[in-house]
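The chain is numbered in sequence order, starting from 1. Note that these values count all heavy atoms, side chains included, but never hydrogens, waters or copies made by symmetry.
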Amino acid sequence: MSRSYPRLKLGHAKKLLAGLSGILQASDDQNYRALLNKPLPDLSTETFAASGLPRVTASELLELRERLNGVMEAAGFPAVRLETRQAVDLGIAKALATWGFPKGEMLRPDVWWWLCVHLMPHYVFWRWQKTDGSITENRVIGAYVRNALGRLWYRATVLDLGTESPDRWKLLDRINEDASTALLERTSVSSNDRLSKCLTEVWLGLSSSDSAKSWRNIMVRARVQASLIETAVLDDDDLKREIEQNFI
């Protein structure tokens, strides 16, 4: 069942982020682990959207944290090897996409701010903290397409082929970071799930699919295409043919 999730005001989020940055002044395995079981605030004091949905409980939030922590530890956390980070990102993306978040509410960046600061700060700093101890602010209190957790949820949600698919995550598993960012940050394209999936599937089928430059150029064309074509009236084959014109 969908739940309403707490959110943070920007000023408060900045103060909480500054406090966490003070604790984690340098990349350190012990510090990351110290935040694994960070106590949650009293939810009765937190701000929730007036969505009409039942509010999430502390036990449900802790269950989500446990699931995400399991993904991290299975991949080798707190090791910081590139392959470990990639495996963690992929696993967390799938876990978030299948958790049952209400999509409309999760498009609010302030919900992701709360989850980054209060539920998963150990992941956020482990994944994005620089060697000097600093962290790029928009990874915590940025738009959902840049937020450390929001971007993973959105990526998996957009590219999810559904439980009926024999290979549900084939697009998510294969798309690289640059291509994913180029897709998600062009919301006129990524907000159309069918267009995004078809575009990604066609691109991944090309031998030149490792070219970030060609993908970004294609994104520009796709934005124009999305504004000119009513994709809802096209069946999958017709949509694919339209998309393939971007690659000629």
Side-chain angles (χ1 to χ4, degrees), residues 2 64 67-68 71-72 75 83 85-109 111-112 115 120 123 127 139 142-223 225-226 229 231-232 234-244 246-247:
S2 292
L64 173 58
R67 181 182 298 188
L68 300 182
V71 169
M72 295 176 67
E83 59 269 25
R85 287 176 173 171
Q86 291 172 336
V88 167
D89 280 0
L90 195 58
I92 285 182
K94 294 174 184 177
L96 292 173
T98 55
W99 179 249
F101 287 120
K103 186 172 183 179
E105 184 166 327
M106 304 316 289
L107 294 176
R108 294 186 58 99
V111 176
W112 293 110
L115 293 173
M120 297 297 293
Y123 162 74
R127 178 63 177 83
R139 293 302 180 187
Y144 64 89
V145 295
R146 301 293 290 173
N147 177 277
L149 293 171
R151 61 190 275 278
L152 298 180
W153 166 81
Y154 192 51
R155 180 189 305 181
T157 300
V158 168
L159 297 178
D160 183 1
L161 296 178
T163 55
E164 300 81 8
S165 171
D167 194 0
R168 180 177 184 176
W169 302 112
K170 70 176 183 179
L171 302 181
L172 181 67
D173 287 341
R174 294 181 59 201
I175 194 169
N176 63 42
E177 185 72 25
D178 283 343
S180 172
T181 299
L183 172 65
L184 299 185
E185 292 188 350
R186 288 162 174 81
T187 53
S188 60
V189 178
S190 60
S191 61
N192 185 325
D193 287 359
R194 283 187 69 224
L195 178 61
S196 297
K197 291 179 179 67
C198 189
L199 189 66
T200 304
E201 188 163 15
V202 171
W203 179 71
L204 289 172
L206 299 178
S207 59
S208 60
S209 61
D210 61 342
S211 171
K213 182 177 180 180
S214 67
W215 176 246
R216 291 179 184 276
N217 289 339
I218 288 161
M219 284 292 100
V220 173
R221 299 177 200 167
R223 289 178 67 184
Q225 192 174 47
I229 298 174
T231 58
L234 300 177
D235 62 26
D236 290 345
D237 289 338
D238 287 339
L239 180 59
K240 184 175 181 179
R241 279 192 288 272
E242 289 289 344
I243 292 297
E244 285 172 341
N246 286 322
F247 298 88

Considering all heavy atoms of both residues, which atom of [X] and which atom of [Y] are nearest to each other, and what is their separation?
| X | Y | value |
| --- | --- | --- |
| Leu184 | Arg151 | CD1-O, 3.8 Å |
| Ala156 | Ala93 | CB-O, 3.3 Å |
| Ala75 | Ala87 | CB-CB, 3.9 Å |
| Tyr154 | Ser190 | OH-OG, 3.0 Å |

Quick check for you: to the nearest 0.5 Å, what is the distance between [X] atom [atom1] and [Y] atom [atom2]?
| X | Y | atom1 | atom2 | result |
| --- | --- | --- | --- | --- |
| Arg85 | Glu177 | CZ | CD | 11.5 Å |
| Asp160 | Ser165 | CG | OG | 8.5 Å |
| Arg168 | Thr163 | CZ | OG1 | 6.0 Å |
| Leu96 | Arg155 | CG | CZ | 11.5 Å |

Looking at side-chain heavy atoms only, is the closest gap between [X] and [Y] below 4.5 Å?
| X | Y | value |
| --- | --- | --- |
| Tyr123 | Leu68 | no |
| Arg127 | Leu152 | no |
| Arg186 | Val145 | no |
| Leu161 | Asp167 | no |
| Leu64 | Phe101 | yes |

Checklist entry - Is Asp193 paired with Lys103 through a side-chain N to carboxylate O contact shorter than 4.0 Å? => result yes
Item to check | Residues Ile92, Met72; criterion side chain to side chain contact (heavy atoms under 4.5 Å, CB included); working and verdict | outcome: CA-CA 8 Å; Ile92 285 182; Met72 295 176 67; 4.1 Å; yes
Item to check | Partners meeting side-chain contact (heavy atoms from CB on, under 4.5 Å) with Thr200 (sequence neighbours left out) | outcome: Leu159, Leu171, Ile175, Leu183, Leu204, Trp215
Checklist outcome for this item: Residue set satisfying side-chain contact (heavy atoms from CB on, under 4.5 Å) with Arg146, at least two apart, ordered chain then number -> Asn138, Arg139, Thr181, Glu185
Next on the checklist: Which residues pass the side-chain hydrogen bond (donor to acceptor under 3.5 Å, both in side chains) test with Glu201, not counting sequence neighbours?
Outcome noted: Lys170
Checklist entry - When Tyr144 is tested against each of Leu107, Leu149, Val111 for side-chain contact (heavy atoms from CB on, under 4.5 Å), which residue passes? => result Leu107
